[in-house]
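Only one structure is covered here, and it is reproduced in the block below.
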Amino acid sequence: LTREPGIPQGQHRVRTQTNPPNYATSPQNWYLLLLPESPRNLPVTLENVHLPESNLRELGGYQTTDGQIIKKGLLYRCGHMSELTPEQKDIYRNLKLQTIIDLRRDDEVKERPTPQFAEEINKHISVSDPDNAFAEAAARAHEPDAARIILGEAVRYYTEIITHNIHRYIPVMEYIFNPDNLPLLFHCTAGKDRTGFLAAAILKFLDVPDEVVIEDYLLTNELLQERANERVVVWRERLAAERGISEDDVDPESLQALKTLMLTHRDMIQATFNAVAENYGTWHNLRREALGVSDDQLEVFKSYVLTEK
């Protein structure tokens, strides 16, 4: 990670303007938020986390704008679950899940199948295009300014969730907004992009403040940072072997670009917020018009998942 001169050790610049820059054309240097190290002023804590290794955490505990609290033990999110130890499986088993929603593509499900923990229903609903957008972005890791290019591709992906792919989430919402399916867990492979959007949408439909939603999204960086660092070591070794060079000569830009794909960035989820505002005005209009979840359905859902403070 490149740190701009004048910024203290352990702190990284975050782009916070309403409209993210065009990374594909901007010549400036952008600095990625990878691991927040300063104390938060927001109620996003590791208490929400059940298993960091698989990015398993819950939406319970967050406060809505009208002072209600999302109940614990009803809504969970994570990455893939194909490499769990017996002890880790017990953590999932103890959640007493009624439903698991798998957001991945068919090839991802086949490669890393989800285990059965008890008698829960495992529903596979792919929300992705057949093409793997992030794999295509990773193929550009060797290009100059690769980190900026890949971040730009990710911003486009998060925009197109709203402008091109929101219809794919309609059957997902049908399951989530049916209280009979609770407790419910939804997941993808890393638990950060498809899962990150879905978590943000649910929190916004429940009227959780924007900054809390974004901080929850960025929490992935704390949980997956160690894994990302380990993967960078493997990538460096592989690239060195493929190119017949020493590991010290591997372009750090390529490594940073690949790391960008493994972590989250504020501009990614901000792109989704912007697309919602530009195309629907509000998250509730998105819910009604694009996802077909009525106000009555939302009120019933709230009666199950919200409680007074």
Side-chain angles (χ1 to χ4, degrees), residues 34-36 40 42-62 69-105 108-109 111-128 134 169 172 175-176 181-203 206 208 212-231 261-264 268-269 304-305:
L34 296 182
L35 182 59
R40 287 190 178 89
L42 297 169
V44 179
T45 72
L46 294 179
E47 293 178 2
N48 300 65
V49 178
H50 292 260
L51 185 62
E53 293 85 348
S54 61
N55 206 3
L56 172 62
R57 43 201 169 104
E58 64 174 290
L59 306 189
Y62 291 135
I69 301 291
I70 302 177
K71 293 178 183 177
K72 294 272 192 176
L74 294 179
L75 293 165
Y76 298 91
R77 53 172 291 180
C78 70
H80 75 85
M81 296 163 273
S82 64
E83 299 171 357
L84 300 175
T85 67
E87 293 78 13
Q88 291 171 338
K89 288 182 179 180
D90 284 340
I91 292 175
Y92 279 88
R93 195 169 291 114
N94 290 336
L95 300 180
K96 302 186 184 305
L97 298 170
Q98 186 72 24
T99 309
I100 294 176
I101 299 180
D102 190 337
L103 305 173
R104 299 176 297 168
R105 302 184 313 276
E108 295 174 282
V109 175
E111 181 179 356
R112 290 171 170 160
T114 299
Q116 189 78 26
F117 300 109
E119 298 181 359
E120 74 277 359
I121 297 171
N122 189 340
K123 184 65 177 178
H124 174 217
I125 306 173
S126 175
V127 295
S128 300
F134 281 90
Y169 288 86
V172 176
Y175 271 86
I176 289 175
N181 294 325
L182 302 174
L184 179 145
L185 176 146
F186 53 93
H187 78 99
C188 54
T189 293
K192 69 180 185 70
D193 297 309
R194 292 161 289 190
T195 296
F197 162 73
L198 184 55
I202 295 169
L203 292 174
L206 294 174
V208 173
V212 176
V213 175
I214 292 172
E215 281 288 311
D216 176 78
Y217 169 79
L218 292 173
L219 183 58
T220 286
N221 291 340
E222 297 191 38
L223 305 183
L224 299 186
Q225 180 72 244
E226 183 176 353
R227 178 188 296 180
N229 290 337
E230 292 171 351
R231 290 287 298 275
L261 291 170
M262 295 191 63
L263 297 173
T264 58
M268 296 177 185
I269 195 65
Y304 279 86
V305 303

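In this chain, numbering begins with 1 at the start of the sequence shown. Atom set for the values below is all heavy atoms of this structure, side chains included, hydrogens, waters and symmetry mates excluded.
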Please give me the minimum heavy-atom distance between [X] and [Y], naming the atom from each residue.
{"X": "Thr99", "Y": "Glu120", "value": "N-CB, 4.2 Å"}
{"X": "Asn55", "Y": "Ala190", "value": "ND2-O, 3.4 Å"}
{"X": "Ile101", "Y": "Val172", "value": "CD1-O, 4.1 Å"}
{"X": "Leu182", "Y": "Gln98", "value": "O-CB, 3.5 Å"}
{"X": "Met81", "Y": "Leu185", "value": "CE-CD2, 4.0 Å"}
{"X": "Pro52", "Y": "Leu224", "value": "O-CD2, 4.3 Å"}

Is a side-chain donor or acceptor of [X] paired with a backbone partner of [Y] at a separation under 3.5 angstrom?
{"X": "Asn221", "Y": "Thr264", "result": "yes"}
{"X": "Arg104", "Y": "Arg112", "result": "yes"}
{"X": "Lys192", "Y": "Leu261", "result": "yes"}
{"X": "His187", "Y": "Thr195", "result": "no"}
{"X": "Asn94", "Y": "Asp90", "result": "yes"}

Q. Is the shortest heavy-atom distance from the side chain of Val127 to the side chain of Leu198 under 4.5 Å?
A.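 Not in contact.
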
(Q) Measuring only between side-chain heavy atoms, which start at C-beta, is Ile202 closer than 4.5 Å to Arg77? (A)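 With C-beta onward as the side chain, the pair stays apart.
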
If you measure from [atom1] on [X] to [atom2] on [Y], what distance do you get to the nearest 0.5 Å?
{"X": "Arg105", "Y": "His124", "atom1": "CZ", "atom2": "NE2", "value": "9.5 Å"}
{"X": "Gln225", "Y": "Glu230", "atom1": "CD", "atom2": "CD", "value": "10.5 Å"}
{"X": "Asp193", "Y": "Ile269", "atom1": "CG", "atom2": "CD1", "value": "9.0 Å"}
{"X": "Glu87", "Y": "Leu51", "atom1": "CD", "atom2": "CG", "value": "11.0 Å"}
{"X": "Cys188", "Y": "Glu108", "atom1": "SG", "atom2": "CD", "value": "7.5 Å"}
{"X": "Leu74", "Y": "Asn181", "atom1": "CG", "atom2": "CG", "value": "12.0 Å"}

Q) Aromatic rings Phe117 and Tyr92: how do their planes relate, parallel, tilted or perpendicular, breaks at 30° and 60°? A)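 Parallel.
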
Q | Sub-6.0 Å ring centroid separation between Phe186 and Tyr175 | A |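 No; Tyr175 has its ring centre 6.0 Å or more from that of Phe186.
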
Q: Could you walk me through whether Ser128 and Arg194 pass side chain to side chain donor-acceptor pair (under 3.5 Å), step by step?
A: CA-CA 8 Å; Ser128 300; Arg194 292 161 289 190; 3.1 Å; yes

Q: Go through Thr220 and Arg57 one step at a time and tell me if the side chain to side chain donor-acceptor pair (under 3.5 Å) criterion holds.
A: CA-CA 10 Å; Thr220 286; Arg57 43 201 169 104; 2.7 Å; yes

Check whether more than 12 heavy atoms from other residues, nucleotides or ligands sit under 6.0 Å from atom [atom1] of [X], and answer yes or no.
{"X": "Glu83", "atom1": "CD", "answer": "yes"}
{"X": "Lys89", "atom1": "NZ", "answer": "no"}
{"X": "Lys71", "atom1": "NZ", "answer": "yes"}

Q.
Checking Leu59 against Val208 for the side-chain contact (heavy atoms from CB on, under 4.5 Å) test, could you report, in this order, the C-alpha distance in whole Å, the side-chain angles of both residues, the deciding distance, and whether it holds?
A. CA-CA 10 Å; Leu59 306 189; Val208 173; over 6 Å; no

(Q) Under the criterion side-chain contact (heavy atoms from CB on, under 4.5 Å), I'd like the reasoning laid out for Ile70 against Leu203: C-alpha separation, chi angles, the key distance, then a yes or no. (A) CA-CA 9 Å; Ile70 302 177; Leu203 292 174; 3.5 Å; yes

